[in-house]
Structures are given as structure tokens and as C-alpha cells.
Number of protein chains: 2
Amino acid sequence: MNQSLNHRRPLVSVDLAIFSMLHGDLSVLLVKRRDEPFDPHPGLWTLPGGLIDTNLDKDLEHCAQRRLKEKTGVRAPYVEQVGSWGSASRDPRGWSTTHVYFSLIAEDEASPISGGNADELRWAPLDGSRVRGKLAFDHSDLLKAAVGRLRGKAEYTSVPAFLMPAEFTLGELQRAYEIVLNRTLEKKAFRTRMLATDLLESTPRYQEGPNRPARLFRLTHKRRPFFFTRPFRPR
Amino acid sequence: MNQSLNHRRPLVSVDLAIFSMLHGDLSVLLVKRRDEPFDPHPGLWTLPGGLIDTNLDKDLEHCAQRRLKEKTGVRAPYVEQVGSWGSASRDPRGWSTTHVYFSLIAEDEASPISGGNADELRWAPLDGSRVRGKLAFDHSDLLKAAVGRLRGKAEYTSVPAFLMPAEFTLGELQRAYEIVLNRTLEKKAFRTRMLATDLLESTPRYQEGPNRPARLFRLTHKRRPFFFTRPFRPR
DNA sequence: TTAATAGTGTCTTTCAGACACTATGTC
DNA sequence: GACATAGTGTCTGAAAGACACTATTAA
């Protein structure tokens with residue numbers, strides 16, 4: 001037998017940074033680790049995920065979708081791989097690797113968290129690239145990378161549109177971008193940019209309010225995000 | 001003991017797409033698999049890489065650098081993670097994952113391939129995102145993703161500059177971009193863009209030729225690539 | 001001189017930014 | 001009417017594109 005196959009094999013897991021926009025905050029879903037004797041970091045919060053199950057999962061994407069469904073009960077409109085991490089030290093149980101995905105869930109899909117198992121779940125609002133409190137393992141780093149990717153994509157793609165509920169106004173979409181980017185954007189430029197894509201379609205409905213009603217839009221059935229030719233002006 | 005630790009562990013490897021510009025072709029370094037009894041795909045070519053050695057490697061980056069050094073004998077000026085792949089079917093020996101990195105080697109560093117072990121190595125010129133001939137495992141897909149990343153980065157970053165030798169002319173740099181992007185670029189726009197960065201510094205030397213000598217430039221000691229505010233115009 | 005590539009001047013085009021303006025609802 | 005937010009008209013500005021022009025070498 002080939003000697004290299006006898007190398008000690010690392011642990012392999014998939015972790016998810018599942019984002020949603022809740023009460024005006026970009027938030028990420030966290031799971032509390034159970035208090036069990038041989039578990040490292042019992043009681044600490046982590047990104048949802050876990051070891052690959054070589055019987056259940058046919059590939060990494062599939063594993064990510066399975067975990068997502070398990071925690072949120074929904075199929076996310078957008079999932080993207082952020083990257084992978086692996087080292088001898090990130091998990092006290094030994095050499096381990098993780099494949100990190102981020103996904104965006106619409107605000108109105110985000111509430112029914114659970115999905116079957118009784119893990120303790122919590123939506124944590126982001127403060128910059130961090131949440132309050134310490135995360136287990138290197139999950140703060142993973143989260144930071146995922147938030148960085150989302151912010152980066154917000155500069156020049158339509159990715160944040162996947163945070164929106166079924167119907168939404170351009171004002172709401174702009175606010176979502178502003179929260180992700182943590183800066184204000186110019187209204188006209190934003191609207192022109194968004195309407196130039198083939199991603200939004202106008203509905204015949206309006207959102208009523210204490211002032212002029214706003215046109216409701218919905219996403220067309222494009223799966224892929226739109227890439228703008230220029231980023232928003234940095235400040 | 002936690003049951004999940006008893007899951008069968010996947011194989012974990014790191015693979016590298018090492019690019020260089022050779023004789024006017026963007027080329028990638030390949031290794032020939034040895035003809036051994038239990039090895040899958042004996043005699044086929046693959047991207048260099050291999051299983052993580054949990055004794056030697058402290059993390060994935062370190063493993064990538066070690067493999068790179070092993071094959072090329074040089075430390076690449078640029079290494080970037082492309083992503084990770086994993087499935088039950090990509091390796092006949094069982095569930096396996098790989099972490100893919102791409103790196104750029106200057107033309108004048110690329111010749112002394114070897115580095116200690118006597119693997120059969122070859123620089124294969126790229127035709128689109130492929131090389132002539134079949135690669136083992138899913139390495140054609142990994143290569144395609146790595147080439148796609150390099151091309152993508154060429155649109156709006158200075159990344160291809162890391163393909164250049166110690167001193168080079170702006171014309172040579174433009175040709176490198178044109179080969180990577182597989183289209184011509186407008187000279188003035190290209191020069192203005194490149195000189196607006198703080199990446200190039202003028203040397204007092206010129207490259208002599210059968211016509212007007214061209215100023216030689218070198219890279220400043222910036223490690224990070226420069227991100228331009230707009231991509232080159234798509235065609 | 002010619003051939004060839006290096007390098008520039010300058011006008012056009014594109015699209016984001018700024019910002020004032022109008023529109024339309026509730027109260 | 002006031003107020004608030006929706007939505008537009010239009011000028012400015014920054015950087016790329018086009019392309020003709022000049023510069024400098026060898027032969």
C-alpha cells in the first residue's frame with residue numbers, strides 16, 4: 001500500500017456564515033456548543049457546521065446545503081465558498097481543516113430558525129466584522145473573512161440583493177447595501193446602477209407608508225449576481 | 001468519545017497551479033504520476049501537490065509553500081488560495097478534499113525546475129483554460145478555476161506583474177497582460193494605469209534592441225497587488 | 001533614409017457623484 | 001398647508017478608450 005495513505009488524516013469540516021438582515025442589523029447565525037465531556041470549548045458559540053459525514057455527503061457543496069437546511073429549514077438563494085483553513089493548532093483534537101461558505105437569507109425567511117434538532121441557535125448582530133463575545137476555535141477569523149467577502153462583493157456586485165424579502169423597494173435595497181458597506185450611498189447613482197441590471201423587475205404594487213408610496217420590486221429568476229463595471233466610490 | 005470523531009476521515013491534499021510565462025505562453029507546471037501498483041491514474045499528469053503531512057506541515061499555507069519549494073526551488077512572489085474541492089468520487093481511494101493555490105513565478109526563475117526529487121516535471125502551455133492531454137483526477141477542473149482566477153484578477157489588479165523578471169519594460173508587462181487576458185489592450189490606457197500605481201519604479205537602464213530602447217522598470221517591494229478602480233473594458 | 005517599437009497629447013466616451021428639483025402620499 | 005420619503009434632470013468630474021502624433025534607436 002502506498003505509504004502516503006497511511007499519513008494521519010486531518011479532521012474535515014464545513015462551516016457556514018449565514019447572514020440575514022434583522023431589525024436593521026446585518027446578523028450572523030450562531031450555534032452554542034453542547035456541554036459534553038470530550039468536546040472542546042463547551043458552551044461557546046460557533047458558526048454552524050461540523051464534520052463531513054462521508055456517508056451522507058456526496059461533496060462539499062452538498063454538505064454545506066445540508067447543514068444550512070438543518071439549521072434554517074430554508075434553501076438559501078445564495079451560497080458562495082469563502083475559502084478553507086487548516087492547521088495543526090486550530091482544533092485541540094488535532095490537525096483539522098474547514099471549508100467555509102457564506103450564504104444570505106432573506107429577512108422574512110430568517111425567523112423560523114430551528115429545523116428539527118434542538119441546538120441552541122441565535123442571530124448575532126455584527127459590529128464591524130465581529131460579534132459580541134468570543135467564538136470557539138478560530139471562528140472569529142472565519143467570520144471576519146466571510147464578512148470581508150460580503151462587503152467586498154457589495155462594492156461591485158448585486159450580491160446583497162439576495163438579503164431582500166420577496167418584494168422590496170429600492171430604498172430598502174439601498175439601506176441593505178448601506179448597512180453592509182457601513183457608509184451612505186448616493187441615491188441617484190444607486191438607483192441608476194440597480195435599474196441598469198436585469199435583476200429587478202417592477203411589480204404593480206406599492207409599499208404604503210406615512211408618505212409617498214414606493215414601487216415594489218422583486219428579483220427576477222436570475223441565479224447569478226450581476227457584476228457592475230465600477231465599484232462604488234471609496235470614501 | 002464523541003461519536004462524530006469516529007466518522008471516516010477524508011484524504012486531505014493541497015494542489016498547486018504554478019504559472020509562468022515561457023516563450024510567450026502562459027504555462028502551468030505539471031508532474032507525472034509514478035507507475036506504482038496502488039496508485040490511481042499511473043503515468044497521467046497532474047498539478048503538483050499531494051497529501052497533507054500532519055507531521056511536517058503546520059498549516060495549509062505552509063504545505064503549499066513547501067510543495068512549491070520542492071518542485072521549483074524558489075519562493076513564489078505571489079501565492080493565493082483559489083478554493084477547495086471535496087467529494088466522494090474525485091479520487092478512487094475514497095472521500096477526498098483538496099485545497100488549491102495558484103502561484104506566479106517569474107520567467108527567469110522558472111527554468112530550474114527540479115529541486116531535489118526526481119519527479120518528472122513539465123511546463124505545459126495553456127490553450128484557453130486547458131492543457132493538451134488529459135489530467136488525472138479532477139485536475140482539469142482545478143486548473144480551469146485557477147486560470148479563471150488569474151484572468152479575473154488581471155482585469156482589475158496588478159497580479160500579472162508578478163510574472164515579470166527582475167527588470168522589464170512596460171511593453172513586456174503589457175504583453176504579459178495580453179497573453180493572460182487573450183486580447184489586446186490599448187497602449188496609452190495601459191501605461192497610464194500602471195504608472196499610476198506605486199508598484200513600478202524606473203531604473204536608470206534601458207533595454208536595447210533593433211529600435212528605440214525601452215525604459216526598464218522593476219517592482220517596488222510592495223507585497224500586495226494593486227486594485228485598479230475599473231476593469232479593462234470588456235470586448 | 002526606413003523600419004520598428006517607445007512613448008505622448010489630446011479629444012471622446014462612459015458612468016458615477018453631486019445636488020437641486022419635482023412628485024405623491026399622510027397628517 | 002407641512003412633512004417625509006420617492007423618484008428625476010442635469011451638470012460635473014474622473015478615468016478609460018481611441019488614435020494620431022512625436023522620439024529614438026539600429027541598420
Side-chain angles (χ1 to χ4, degrees), chain A residues 24 152-158 160 164 167-179 181 183-218 226-235, chain B residues 24 152-158 160 164 167-179 181 183-218 226-235:
Chain A
K153 285 277 167 100
E155 293 286 357
Y156 64 99
T157 76
S158 68
M164 304 312 289
E167 299 197 343
F168 55 89
T169 69
L170 287 176
E172 288 166 345
L173 180 58
Q174 182 171 348
R175 277 187 289 283
Y177 266 85
E178 289 176 342
I179 289 164
L181 292 172
R183 67 174 196 263
T184 59
L185 297 173
E186 210 284 322
K187 181 167 58 165
K188 184 64 187 301
F190 182 82
R191 298 172 74 93
T192 310
R193 173 178 280 214
M194 288 301 156
L195 293 173
T197 72
D198 52 356
L199 294 171
L200 303 186
E201 66 190 16
S202 179
T203 73
R205 286 172 291 286
Y206 288 86
Q207 186 169 92
E208 313 279 329
N211 41 42
R212 176 173 171 178
R215 173 70 72 180
L216 283 164
F217 289 83
R218 63 165 164 255
F226 190 92
F227 285 68
F228 304 111
T229 54
R230 304 186 201 175
F232 289 110
R233 190 177 71 84
R235 292 191 321 168
Chain B
K153 285 277 165 101
E155 293 287 357
Y156 64 98
T157 75
S158 67
M164 304 312 290
E167 299 196 344
F168 55 89
T169 70
L170 287 176
E172 289 166 344
L173 180 58
Q174 182 171 348
R175 276 186 291 283
Y177 267 85
E178 289 175 342
I179 289 164
L181 292 172
R183 66 174 196 264
T184 59
L185 297 174
E186 210 286 321
K187 180 166 60 164
K188 184 65 188 300
F190 182 83
R191 299 173 75 92
T192 309
R193 172 179 281 213
M194 287 300 156
L195 294 173
T197 71
D198 52 356
L199 293 172
L200 302 187
E201 68 191 13
S202 180
T203 73
R205 287 172 291 285
Y206 288 86
Q207 186 169 90
E208 313 279 329
N211 41 42
R212 177 173 171 178
R215 172 71 72 180
L216 283 164
F217 289 83
R218 64 163 165 257
F226 191 92
F227 285 68
F228 304 111
T229 54
R230 304 185 201 175
F232 289 110
R233 190 177 73 83
R235 290 192 320 170

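Letters go in sequence order (proteins before strands), and every chain restarts at 1. Side-chain atoms are counted along with the backbone in the values below, which use heavy atoms only and exclude waters and symmetry mates.
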Defining pairs by Watson-Crick or G-U wobble geometry with both distances under 3.5 Å, how would you list the stems of DNA chain C with at least three pairs each?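 The stems are C:1-27 with D:1-27.
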Strictly below 4.0 Å: does Arg230(A) bring a side-chain N or O up to OP1 or OP2 of dA16(C)?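 No, because none of the side-chain N or O atoms of Arg230(A) sits under 4.0 Å from OP1 or OP2 of dA16(C).
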What is the distance from [atom1] of [X] to [atom2] of [N], rounded to the nearest Å?
X	N	atom1	atom2	result
Leu185(A)	dG7(D)	CG	C1'	17 Å
Asn211(B)	dA4(C)	CG	C1'	5 Å
Arg193(B)	dA18(D)	CZ	C1'	16 Å
Gln207(B)	dA26(D)	CD	C1'	15 Å
Phe226(A)	dC15(C)	CZ	P	10 Å
Phe190(B)	dA18(D)	CZ	P	15 Å
Glu178(B)	dG17(D)	CD	P	12 Å
Phe228(A)	dG17(C)	CZ	C1'	16 Å

Test: salt bridge (Lys or Arg N to Asp or Glu O under 4.0 Å). Region: residues 202-213 of chain B. Which pairs qualify, not counting sequence neighbours?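 For residues 202-213 of chain B: Glu167(B)-Arg205(B).
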Please determine if Lys187(A) and Glu178(A) form a salt bridge, counting it only when a charged side-chain N lies under 4.0 Å from a carboxylate O.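 No salt bridge links Lys187(A) with Glu178(A).
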Side-chain ion pair, Glu155(B) and Arg193(B), N-O less than 4.0 Å: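 Salt bridge between Glu155(B) and Arg193(B), a charged N being under 4.0 Å from a carboxylate O: no.
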Keeping Glu172(A) on the side-chain end and Met164(A) on the backbone end, is there a donor-acceptor pair under 3.5 Å?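 Not a single qualifying donor-acceptor pair exists.
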Counterpart residues, side chain to side chain contact (heavy atoms under 4.5 Å, CB included), relative to Ile179(B) (two or more places apart):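 Ile179(B): side chain to side chain contact (heavy atoms under 4.5 Å, CB included) contacts with Met21(B), Leu26(B).
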Any idea which heavy atoms bring Arg215(A) and Ser202(A) closest together, and the distance?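 Minimum heavy-atom contact is CD-OG, 3.3 Å.
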Measure across Thr197(B) and Leu200(B) and return the closest heavy-atom pair with its distance rounded to 0.1 Å.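 Taking Thr197(B) first and Leu200(B) second, the nearest heavy atoms are OG1-N, 4.2 Å.
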Pairs where residues 194-216 of chain A contributes a residue and the test ring pair (Phe, Tyr, Trp, His ring centres under 6.0 Å) is met, not counting sequence neighbours: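 Sorted result for residues 194-216 of chain A: empty, none.
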Using ring-ring contact (aromatic ring centres under 6.0 Å, His included) as the criterion, list what pairs up with Phe190(A), not counting sequence neighbours.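 Applying ring-ring contact (aromatic ring centres under 6.0 Å, His included) to Phe190(A) gives Tyr177(A).
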Using the closest heavy atom to pick a nucleotide of DNA chain C for each, name whichever of Gly209(A) or Tyr206(B) lands nearer the 5' end.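 Mapping each residue to its closest nucleotide by heavy atoms, the 5'-most match is Tyr206(B).
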For Glu172(B) and for Pro213(A), locate the closest nucleotide of DNA chain C by heavy-atom distance; then report the residue assigned to the nucleotide nearer the 5' terminus.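 Mapping each residue to its closest nucleotide by heavy atoms, the 5'-most match is Glu172(B).
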Interface polar pairs with nucleotides 19-22 of chain D, N/O, under 3.5 angstrom:
| from | atom 1 | to | atom 2 | distance (Å) |
| --- | --- | --- | --- | --- |
| dC19(D) | N4 | Glu186(B) | OE2 | 3.4 |

Looking across every strand, which nucleic acid part, if any, lies under 4.0 Å from Pro210(B) by heavy atom: base, sugar-phosphate, or nothing?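 Base contact - Pro210(B) has a heavy atom under 4.0 Å of at least one base atom.
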